[in-house]
J.: 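Can you read through this structure? Questions will come right after.
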Amino acid sequence: PLIPIHMTNRQILVVDDEEHLRELVQACLEDLGGWETLVAGSGEECLQILQTKRPSAILLDVSMPGMDGIAVHDRIQSDPVTRSIPVILLTAKVLPSDRAKFAQMGVAGVISKPIEPTTLTEEVAEILGWDGALEKFL
């Protein structure tokens, strides 16, 4: 059964091994987007959180020590429970060959680093199709 997503309590899981970047992204999403956030400092931690939480979307850093974002995404995709959660990759270096690979992976989108705090929430909303969804429900 699909869990209805209420417009106001959208929750985004931010996964990045760099603490300052996690805090920056978290602040942008909460202050500018009005969304709740969960944070994980590693791929392993992300998967642990997903055992109990169902975020509306996941912002996932590609290059992390240990389990990288690609491996984490594979795990998310291989689990029927988490497969439907849209994943947006955060990546510093996007080569054309990467774009093709990311497209094949079935990610919702890619946001390049360094992130632009002023437009981050708009990018996320656009990728997830959350644009203007709020007005319709008010």
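Values reported hereafter were calculated over all heavy atoms of this structure, with side chains retained and with hydrogens, waters and symmetry mates removed. The structure displayed is predicted, hence computed values, not measured ones.
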J.: Out of curiosity, Lys101 NZ to Leu95 CG, how far, rounded to the nearest 0.5 Å?
T.: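 One finds 9.0 Å between NZ of Lys101 and CG of Leu95.
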
J.: Identify whether the distance between the nearest side-chain nitrogen and carboxylate oxygen of Asp61 and Lys113 falls below 4.0 Å.
T.: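 Looking at Asp61 and Lys113, the cut-off is met.
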
J.: If we ignore angles and hydrogens, is there a donor and acceptor under 3.5 Å between the side chains of Gln11 and Ser56?
T.: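 Their side chains do not contain a donor-acceptor pair, so the 3.5 Å distance test is not met.
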
J.: Considering all heavy atoms of both residues, which atom of Ile111 and which atom of Leu120 are nearest to each other, and what is their separation?
T.: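 For Ile111 and Leu120, the tightest heavy-atom pair comes out as CD1-CD1, 3.9 Å.
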
J.: As an exercise, state the distance from CD of Glu116 to CD of Glu123, rounded to the nearest 0.5 Å.
T.: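 So the gap between those two atoms works out to 8.5 Å.
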
J.: Which heavy atom in Cys28 sits nearest to a heavy atom in Thr121, and how many Å separate them?
T.: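 Shortest heavy-atom contact: O-CG2, 3.3 Å.
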
J.: Which heavy atom of Glu30 sits nearest to which heavy atom of Trp35, and what is that distance?
T.: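 Minimum heavy-atom separation between Glu30 and Trp35: CG-O, 3.2 Å.
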
J.: Distance from Ile127 atom CD1 to Glu122 atom CD, nearest 0.5 Å?
T.: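 If we round to the nearest 0.5 Å, Ile127:CD1 and Glu122:CD are 12.0 Å apart.
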
J.: Rounded at 0.5 Å granularity, tell me how far CD in Glu36 sits from CD1 in Ile12.
T.: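 If we round to the nearest 0.5 Å, Glu36:CD and Ile12:CD1 are 10.5 Å apart.
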
J.: Do you know which two heavy atoms are closest between Ala108 and Ile88, and how far apart they sit?
T.: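 Minimum heavy-atom contact is CB-CG1, 4.3 Å.
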
J.: So if I apply the side chain to side chain contact (heavy atoms under 4.5 Å, CB included) rule between Ile58 and each of Val14, Leu38, Leu50, which one comes out positive?
T.: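 Of the listed options, the one satisfying the test is Leu50.
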
J.: Find out whether Ile49 and Leu13 are in side-chain contact, i.e. whether some heavy atom of one side chain is under 4.5 Å from a heavy atom of the other.
T.: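 Counting from C-beta outward, Ile49 and Leu13 do come under 4.5 Å.
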
J.: Could you measure the distance from the CZ atom of Arg75 to the OG1 atom of Thr82? Nearest 0.5 Å is fine.
T.: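 Atom-to-atom, Arg75:CZ and Thr82:OG1 are 9.5 Å apart.
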
J.: Any idea which heavy atoms bring Ala71 and Met67 closest together, and the distance?
T.: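 Scanning both residues completely, I find the closest heavy atoms to be CB-CG, 3.8 Å.
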
J.: Shortest non-hydrogen contact from Leu90 to Asp16?
T.: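 Heavy atoms only, the tightest pair is CD1-OD2, 4.3 Å.
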
J.: Distance from Ile115 atom CD1 to Leu24 atom CG, nearest 0.5 Å?
T.: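 It comes to 4.0 Å.
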
